[in-house]
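As structure tokens, the structure follows; a few thoughts come after it.
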Amino acid sequence: MKLRKLLPAITAALLAVTMTVTASADVIWEPYESDFYQKYQEDAEHFYNARQFVSEVDVDIYDEPYKNVIDTIKAGTPQYVSLALTDDDGVRWGSFGYANGSLHRDVWICLDGMSLVYDSTEFIKDHEGEFTAYNGELSGDSFEGKTVYKWKYPGSSEVTAADYFPEDFENYFDRVYTDKHGSWGYIGYMMGERDVWIYLDDPTNPAPEKLADILSQTEIVTLPPEKSAPVSEEAVDHNSENPTVEDKTAAYLPAVILAVSAAAIAAVCLAIFGRKKKSDSE
């Protein structure tokens, strides 16, 4: 097979993999293999943008609620949770994708006794009625070749570089909030990005002078737990080695592995058929 005939197939395969990875970011995450989840699925609260919870004491990680303890979240370590539900005993549980070495599975933690880390969802609730419509504050500005920075919520000390923002990202703003620091534009959803706030006064600066007091904050802002954690006598502790919990989910791991594999296969094919073409020409 000549190289020029192989290239379209390779390109199509890589495109399909890329679309799979992108689409996976927009799919509702669910622990389908959990019997506990299947029982309470209809009442589960899904977090399209995972929310963080933190505790002042160590929190056990279960393979299923009340069952085997497989790990521990250390006190003060925020943990992302993808969904929450309440069982028949009134105990609230959170689930997320867990990765530790070769172990990848859906796990559970008891949210009772844990504090919710303040985020955009809570900010919007707290400031209902204070938002205005976007009015072209960034019109005419060029962001080509520049990095745009996103904030967890207006007044948050957390700022990160956007993975990717299209040139016309201002078209995605659906509300604006103005405080003593300036104006903030909110993007509810854009190409996989959710709950994004942009500092409209200086969107390409990760440390604007006006926000010096915000950036100097170091403490995590939390909401107090609604009730204390229950004591379980049923759980079996299998956490003998006490491995470290990674502060992320493994939800996209299969798609990432697929993408890397496809890229590797494409590279090998190009190398083999490239050499063959060269040999034929000689």
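Just so we're clear, the structure is a prediction, and the values are computed from it rather than from any experiment. Nothing fancy with the numbering, it's 1 onward along the sequence. Reckoned from all heavy atoms, side chains included, excluding hydrogens, waters and symmetry mates.
The aromatic rings of Tyr32 and Tyr37 sit perpendicular to each other, their planes meeting at more than 60°, with 30° as the lower class boundary. In this pair, Tyr153 and Tyr118 present their aromatic rings perpendicular. The plane angle is above 60°, beyond the 30 to 60° band. Note on ring orientation: taking the six-membered ring where Trp is involved, the planes of Tyr186 and Trp197 are tilted (angle from 30° to 60°).
Side chain to side chain, Tyr199 and Asn205 fail the donor-acceptor criterion of an N or O pair below 3.5 Å. Side-chain contact, Asp201 with Trp184: no donor N or O sits under 3.5 Å from an acceptor N or O. A donor and an acceptor atom, one from each side chain of Glu33 and Gln38, are nowhere located under 3.5 Å apart. Side-chain contact annotation: Gln52 with Lys152, donor-acceptor N/O pair under 3.5 Å present.
Residue His46 comes nearest to Trp29 through the heavy atom pair ND1-O, 3.8 Å, listed as atom of the first residue, atom of the second, then distance. Closest approach of His181 to Ile214, counting heavy atoms only: CE1-CD1, 3.5 Å. In terms of heavy atoms, Tyr149 sits closest to Thr204 at CE1-O, 3.4 Å.
Looking at Phe143 and Val148, their side chains come closer than 4.5 Å, going by heavy atoms from C-beta outward. Contact of the Leu83 side chain with the Phe96 side chain is not registered, since no non-hydrogen atoms from C-beta on lie closer than 4.5 Å. At least one side-chain heavy atom of Asp58 sits under 4.5 Å from a side-chain heavy atom of Thr72. Contact annotation: the side chain of Ser34 never approaches that of Asp106 to less than 4.5 Å [non-hydrogen atoms, C-beta and beyond]. Residues Trp108 and Cys110 form no side-chain contact, since every pair of their non-hydrogen atoms from C-beta on lies 4.5 Å or further apart.
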Could you walk me through whether Thr86 and Val91 pass the side chain to side chain contact (heavy atoms under 4.5 Å, CB included) test, one step at a time?
CA-CA 5 Å; Thr86 302; Val91 179; 5.9 Å; no

Verdict with supporting geometry, Phe36 and Tyr40, ring-ring contact (aromatic ring centres under 6.0 Å, His included)
CA-CA 7 Å; Phe36 183 83; Tyr40 298 101; 4.9 Å; yes

Applying side chain to side chain contact (heavy atoms under 4.5 Å, CB included), run through Leu116 and Thr222 and close with a yes or a no.
CA-CA 5 Å; Leu116 173 67; Thr222 61; over 6 Å; no

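For the pair Arg105 and Tyr98, the cation-pi criterion (under 6.0 Å, within 45° of the ring axis) is not fulfilled.
Salt bridge annotation for Lys39-Asp87: absent, with no cationic side-chain nitrogen under 4.0 angstrom from a carboxylate oxygen. Salt-bridge check for Asp119 with Arg51: passed, with a basic side-chain N closer than 4.0 Å to an acidic carboxylate O. Between Lys210 and Asp202 there is no salt bridge, since none of the side-chain N atoms of the basic residue sits less than 4.0 Å from a carboxylate O of the acidic one. Taking the charged nitrogens against the carboxylate oxygens, Glu45 and Arg92 do have a contact shorter than 4.0 Å, which makes a salt bridge.
No donor-acceptor distance shorter than 3.5 angstrom exists from the side chain of Tyr189 to the backbone of Tyr172, with no hydrogens or angles considered. Formation of a donor-acceptor pair under 3.5 Å by the Glu56 side chain with backbone atoms of Ala75 is not found in this model. A donor-acceptor pair is defined here as one N or O able to donate and one able to accept, closer than 3.5 Å; such a pair exists between the side chain of Glu137 and the backbone of Asn135. A distance-only check finds no donor-acceptor pair linking the side chain of Ser157 to the backbone of Thr218 [under 3.5 Å].
Residues Val81 and Val117 are members of separate hydrophobic clusters, defined by side-chain heavy-atom contacts under 4.5 angstrom among Ile, Leu, Val, Met, Phe, Trp and Tyr. Under the 4.5 Å side-chain contact rule for hydrophobic residues, Met191 and Phe173 share a cluster.
The aromatic ring centroids of Phe47 and Tyr80 lie 6.0 Å or more from each other.
Put simply, CG on Leu223 and CG on Asp126 are 7.5 Å apart, with the number rounded to the nearest 0.5 Å.
In terms of the ring pair (Phe, Tyr, Trp, His ring centres under 6.0 Å) criterion, residue partners of Phe165 (sequence neighbours excluded) are, by chain and number, Phe169.
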